[in-house]
Amino acid sequence: MNLNKAFKELYPYKEEKRVMSINYNNRFKSLNSNVKYDNHKIVFSLSKDWLEYSEELRKGLVQSLMVKIHPYEYEETMAIDLYKKFISNLNRYAKRDKTDPILEEAFKSINKEYFEDLMEQPNLVWGKKAFYKLGHYEHQTDTVLISEIFKEEKELLDYILFHELLHKKHGIKFSKTGRHMHHTKAFRDEEKKFKDKNIEKKLKWFLRKHKLKNAFGF
Ligand SMILES: [Zn+2]
């Protein structure tokens, strides 16, 4: 892949003087990637699994990483468009084989209440208390993770799960500068439909009571 050419397509009027290179590595989880850089070089690291995909798609991925380190407006290239479509659709084909009785029951009631029973059940897993992450939706594997701290907190569990399912529903959105936008206005508006209007307060009290003030967002 000609990295300088890929860069020029994105930013016809800019110059990238640093040396750019790609490496493929085994240690990454499937389809992961990152970019590291200093004043002299930029290194794109991709999981080996990317080699099974077309050069055009890989170019789109690399261009999306270039956009991360050059956060100004870029030209929409065919490759980046292809890449965005590819990753927004990934969760449709994910293997769904992880579940849990408590989470499944909560999922079913939320699906009925807020999504007209139309949402396909994602993988549902508990996260360890130690991570202090309240909840997370992983798009690539269609997996909702909920912290174990909510195992016996039905109301809060429903709320966190509802929030993560909204991530599934809303998918990945990109801003003009290519960043993933997680909580768009449409997302926040729909989140307000949660029945219990005091739920945010209850969540705060709960976290304070359990001294979890440093918990990650969700
Ligand atoms: Zn969120």
Side-chain angles (χ1 to χ4, degrees), residues 29 31-34 64 67-68 71 83-92 94 96 98-100 102-116 118-218:
K29 265 201 334 198
L31 303 188
N32 273 20
S33 61
N34 72 31
S64 81
V67 165
K68 273 192 186 163
Y83 171 72
K84 285 179 185 176
K85 289 205 174 91
F86 174 78
I87 55 164
S88 341
N89 281 312
L90 267 182
N91 67 346
R92 292 195 203 170
R96 296 187 190 91
K98 294 189 190 109
T99 189
D100 164 274
I102 298 173
L103 291 172
E104 192 165 325
E105 198 191 309
F107 168 78
K108 284 187 173 138
S109 80
I110 288 169
N111 194 14
K112 198 175 214 163
E113 174 96 41
Y114 299 100
F115 303 110
E116 298 172 348
L118 291 171
M119 187 178 278
E120 263 192 272
Q121 185 174 320
N123 288 305
L124 297 165
V125 300
W126 293 109
K128 291 268 179 289
K129 282 176 196 167
F131 291 123
Y132 293 112
K133 192 170 205 176
L134 306 184
H136 180 65
Y137 177 63
E138 191 179 71
H139 198 81
Q140 290 184 6
T141 58
D142 192 25
T143 301
V144 170
L145 174 146
I146 306 284
S147 168
E148 280 180 348
I149 56 175
F150 299 114
K151 232 173 195 167
E152 266 127 49
E153 301 289 330
K154 172 97 182 93
E155 283 183 312
L156 295 175
L157 168 62
D158 281 359
Y159 179 58
I160 306 286
L161 182 56
F162 174 60
H163 178 103
E164 300 313 331
L165 294 173
L166 286 175
H167 280 301
K168 173 173 161 91
K169 181 182 166 182
H170 285 249
I172 299 178
K173 300 275 190 298
F174 295 90
S175 73
K176 272 264 171 215
T177 54
R179 310 223 156 208
H180 287 187
M181 295 193 298
H182 294 288
H183 304 120
T184 58
K185 180 163 187 305
F187 182 103
R188 289 300 189 198
D189 286 347
E190 194 167 351
E191 193 181 29
K192 289 190 193 113
K193 291 184 184 150
F194 195 77
K195 273 196 174 159
D196 183 347
K197 302 300 173 202
N198 288 316
I199 196 71
E200 276 288 335
K201 264 187 210 153
K202 288 178 186 170
L203 179 60
K204 262 182 214 153
W205 291 332
F206 174 80
L207 295 177
R208 198 171 299 159
K209 196 172 88 191
H210 293 269
K211 300 197 165 49
L212 291 166
K213 269 187 285 183
N214 297 325
F216 288 119
F218 55 105

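Since the structure is predicted, the reported quantities are computational estimates derived from the model, not experimental observations. Start at 1 and go down the list; that is how both ligands and their atoms are numbered.
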Legend entry - Min side-chain heavy-atom separation Tyr114-Leu165 under 4.5 Å: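 Heavy-atom side-chain distance check fails, nothing below 4.5 Å.
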Legend entry - Note, Leu157 side chain near Leu103 side chain (heavy atom, < 4.5 Å): yes
Legend entry - Option passing side-chain hydrogen bond (donor to acceptor under 3.5 Å, both in side chains) with His167 (candidates His170, Lys169, His163):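 For His167, the side-chain hydrogen bond (donor to acceptor under 3.5 Å, both in side chains) test succeeds with only one of His170, Lys169, His163, which is His163.
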Legend entry - Lys85: partners by side chain to side chain contact (heavy atoms under 4.5 Å, CB included), with sequence neighbours left out: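 For Lys85, the residues satisfying side chain to side chain contact (heavy atoms under 4.5 Å, CB included) (neighbours in sequence not counted) are Asp81.
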Inset, instruction - Using a cut-off of 2.8 Å, find all protein N, O or S atoms closer to the Zn ion (ligand 1) than that distance. - result: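 N, O, S partners closer than 2.8 Å: His163 NE2, His167 NE2, His183 NE2, Phe218 O.
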Inset, instruction - Determine, using ring centers only, whether Phe206 and Phe150 are less than 6.0 Å apart. - result: yes
Inset, instruction - Using only heavy-atom distances, determine whether the side chains of Thr143 and Glu138 contain a donor-acceptor pair under 3.5 Å. - result: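 Checked: Thr143/Glu138 side chains show no N/O donor-acceptor pair below 3.5 Å.
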